Amino acid sequence: MAEMNMLHAINEALAIAMETDANSVIFGEDVGQFGGVFRATAGLQDKFGASRCFNTPLTEQGIIGFANGLASNGMTPIAEIQFADYIFPAIDQLVNETAKFRYRSGNEFNVAGLTVRTPYGGGIAGGHYHSQSPEAYFTQTPGIKVVVPRNPEQAKGLLLAAIRDPNPVIFFEPKRLYRASVGEVPEGDYQLPLGKAEVVKQGADITLVAWGAQMEIVEKAADMAEKEGISCEIIDLRTLAPWDEDTVAESVIKTGRLLINHEAPLTGGFAGEIAAVIAERCFLYLESPISRVCGLDTPYPLAHEKEYMPDALKTFEAIKATVNF
Amino acid sequence: MTTGTHLSDTIHRVEFLDKDALKIPTLKVLQADGTAYESAILPNIDQALALKIMDTCAFTRVLDERMLAAQRQGRISFYMTCTGEEAAIIGSAAALDPQDVILAQYREHAALRYRGFTTKQFMDQLFSNANDLGKGRQMPIHYGSCELNYQTISSPLATQIPQATGVGFAFKHKQQRNIAICYFGEGAASEGDFHAGLNMAAVLGSPVIFFCRNNGYAISTPTNEQYAGNGIASRGLGYGMHTIRVDGNDMLAVLAATQMARAYAIEHQKPVLIEAMTYRLGAHSSSDDPSGYRSKDEEQQWRQHDPVLRFKLWLINKGWYDEAHDLNIMQQYREEILAAVKVAEKVAIPNIDTIIEDVFDTPTPALKRQLEQLKSHIAKYPSAYPKTSGRS
């Protein structure tokens, strides 16, 4: 085990993926010699050569279309979209092509090898266009897996699993944790399961579900609630598509209460889907309405970023309201 | 006759066209010493226009220097300079009518200044305070002003290009003799929106100037990793568009090209592409460090081609300007900007009620509920949230 930040862990995962699969290639804007604007690909061009780690022209639709083509011809493309806010020019390629390649052809063709890495989320004074959490656009797109890690250990293991998964995956990296999240990371090659949530803390009174950077927020809120005698069970969903209904349902059957937290706006966010499924599966066990602590239904603001965010205090208040319903 | 092929001769054996077959000259008017080339035709420029251009250069240099320093001091969160590209930006802006709509990328604040954006307005945006026209919602440098016909900056690249085609077409529809000018970099020209916007403008006939600042780098990516063809200008011909390449560090060349382009766009209701060859002397932004991808030597070479200095020398040669005045105006702007910083940074961020405004024309019932919840939450934990305008 070595202590490192999330960027370093991602860089290690990428190096291992390149070493273990000669058909893997890394590309995107500024990822070559420069090593990416966040330095996630630092040193990879030196190590693997410019034919396997390279800059592309500045075109997200081009990057993903190119990646689809590579993947359809047996390669393992690992594409970077510099900010998740800039993934939208590629949405046609992702939604109409990546997600449907296998289904539309009766599995004559697929883009199984494709992984898209992209930094998402706020808390960095990034305003509208360097802060968004667009995961729910893709969770409503059958055929793409959506994965979000919460810390360096998870990032390395989940990214290696995403790259090797026989399905296209969008891997959303919580950029505010890139350098802030430091932890022990196993050495060498390992994978963590996709489609499997993790109960990171056992508790009795309420289940808190989050993913990515919001995990540290709900953990902080849970600490505050514990001081008031409320025992929280915390689940990191890790994969949003397909999501682990069983782990969440089992927990809610035990605690009788559910709170979901995400940074993206409330309306149409993935919390709504979780709430609907849990209401169906756990209706008779629920002791209070399912609570959602999410971003406001506004574009992501700059000056009012702190007020917009579903922070620990808002989560703490919602925990108390849910438990005392 | 088949549409699109009627201009072609036929050949009867295979002959590929080489990309070098296309020769694109570069318009230059001013020499390094500030004198015009002997055969050069000068743009329409009188002393008042020349001095307004120079004044905008001086302000922009000082603004960029001071505000980058302010970012380094942690007073603002982010900044972008346009150092080295002033001639491309101001020379083009000076050729326009104030009613022409500017759709900028993000490095064209000098054009906004040319239009009359005040020092205070710059500061209010940079500090995201309650007086910011954009209500503190966007990162520093995302300026916009309806009054000055400068559409608010959006960070995504190239989205403004097809929009400019629409803005120009609206002028055509309204029979208003104005144009849109659309600024973008050579990196943005790789986006799909570039193709969409230029092709539509040419096909539909929209009075737009597409103004490419080819400044050598898209963040770290140099032009030889951005395109393999003959710059951006070569593409204009493919779209069937009037096209010119200019020395982007030559104020008079840029002004001349843009004046002619505007006249053509108005008269023929068609677009024009201008490719200005220049160099981004500073970092991409305050978040970037160019030492990771280019040499100091290279930067130093381009410093020799300072566009502001070249224009200043021309002004001095004309007897319209002198060094003493230059030093004086720079000092005056330093003091003005520093004073404006001190005022703007003390103004609170916008009232929290504004957070739900402008999502739609009027806030929805759901948004109003969210705001009320937020306000009662803040009332419970007032010290956990920033002091907003109207809240003590």
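Model, not experiment: these values are computed from the prediction. Residue numbers start from 1 in every chain, and the chains themselves are labelled A, B, ... in the order their sequence lines are given, proteins ahead of strands.
- Within a 6.0 Å radius of CZ in A:F54, more than 12 heavy atoms belonging to other residues, nucleotides or ligands are found.
- In this structure, the side chain of B:Q138 does not engage the main chain of A:G127 through any donor-acceptor pair within 3.5 Å.
- Within the 4.5 angstrom heavy-atom criterion, atoms from both the backbone and the side chain of B:I352 approach chain A.
- The choice from B:D132, B:T159, B:T221, B:I349 that makes the most heavy-atom pairs within less than 4.5 Å of chain A is B:T221.
- Contacts between B:L374 and chain A at a heavy-atom distance below 4.5 Å involve the side chain alone, from C-beta outward.
- Closest heavy-atom contact between B:G292 and A:F34: O-CD1, 4.1 Å.
- For B:N351, the part sitting under 4.5 Å from any heavy atom of chain A is the backbone (N, CA, C, O) and nothing else.
- Both the backbone and the side chain of A:E60 come within less than 4.5 Å of a heavy atom of chain B.
- A:C294 contributes atom SG, which lies 9.0 Å from atom CD of B:Q370 (distance to the nearest 0.5 angstrom).
- Among A:V37, A:L302, A:T59, A:L266, the residue making the largest number of heavy-atom pairs under 4.5 Å with chain B is A:L302.
- Contacts of B:T364 with chain A are absent, with no heavy-atom separation under 4.5 Å from either backbone or side chain.
- Within a 6.0 Å sphere centred on NZ of A:K100, other residues, nucleotides and ligands contribute more than 12 heavy atoms.
- Contact between A:Y86 and B:S155 at its shortest, heavy atoms only, is OH-CB, 3.2 Å.
- Only the side chain of B:D288 comes within less than 4.5 Å of a heavy atom in chain A; its backbone stays farther off.
- Residue B:M200 places its CE atom among 12 or fewer non-hydrogen atoms of other residues, nucleotides or ligands, all under 6.0 Å distant.
- Residues from residues 312-325 of chain A that place a non-hydrogen atom less than 4.5 Å from a non-hydrogen atom of chain B comprise A:L313, A:K314, A:F316, A:E317, A:K320, given in numerical order.
- With A:H304 contributing its side chain and B:P350 its backbone, the two residues share a donor-acceptor pair below 3.5 Å.
- With chain A as partner, the option from B:A366, B:G136, B:A218 having the largest number of non-hydrogen pairs under 4.5 angstrom is B:G136.
- Minimum interatomic distance between B:Q226 and A:P57 (heavy atoms only, all atoms of both residues): OE1-CA, 3.1 Å.
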Residue pair B:T388, A:E307: steps toward the side-chain contact (heavy atoms from CB on, under 4.5 Å) verdict: CA-CA 10 Å; B:T388 45; A:E307 291 89 341; 3.6 Å; yes

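- For A:D85, no part lies under 4.5 angstrom from a heavy atom of chain B.
- Summarising the geometry, atom CD belonging to A:E29 is positioned 9.0 Å from atom OG belonging to B:S190; distances are rounded to the nearest 0.5 Å.
- To the nearest 0.5 Å, atom CG of residue A:L58 and atom CZ of residue B:F194 are 13.0 Å apart.
- Checked by atom type, the side-chain pair A:D311/B:Y381 shows no donor-acceptor distance below 3.5 Å.
- Note on ring orientation: taking the six-membered ring where Trp is involved, the planes of A:Y129 and B:H142 are parallel (angle under 30°, cut-offs 30° and 60°).
- Between chain A and the residues B:S77, B:P363, B:P156, B:S128, the largest count of heavy-atom pairs under 4.5 Å involves B:P156.
- Surrounding CD of B:E298 are more than 12 heavy atoms belonging to other residues, nucleotides or ligands, all under 6.0 Å away.
- Interface check for chain A: of the options B:A384, B:S154, B:A158, B:A189, the most heavy-atom pairs under 4.5 Å are formed by B:S154.
- Using a 4.5 Å cut-off between heavy atoms, A:Y300 touches chain B through its backbone atoms (N, CA, C, O) alone.
- Atoms CG and CG, from A:L296 and B:L367 in turn, are 8.0 Å apart once rounded to the nearest 0.5 Å.
- For the pair A:D30 and B:S220, the tightest heavy-atom approach, listed with the atom from each and the gap, is OD1-OG, 2.6 Å.
- Of the two parts of A:T56, only the backbone, made up of N, CA, C and O, holds a non-hydrogen atom closer than 4.5 Å to a non-hydrogen atom of chain B.
- Screening B:I355, B:D358, B:V359 for a side chain to side chain contact (heavy atoms under 4.5 Å, CB included) with A:P299, the sole residue that qualifies is B:V359.
- Residue B:A188 touches chain A through its backbone alone, counting heavy-atom pairs closer than 4.5 Å.
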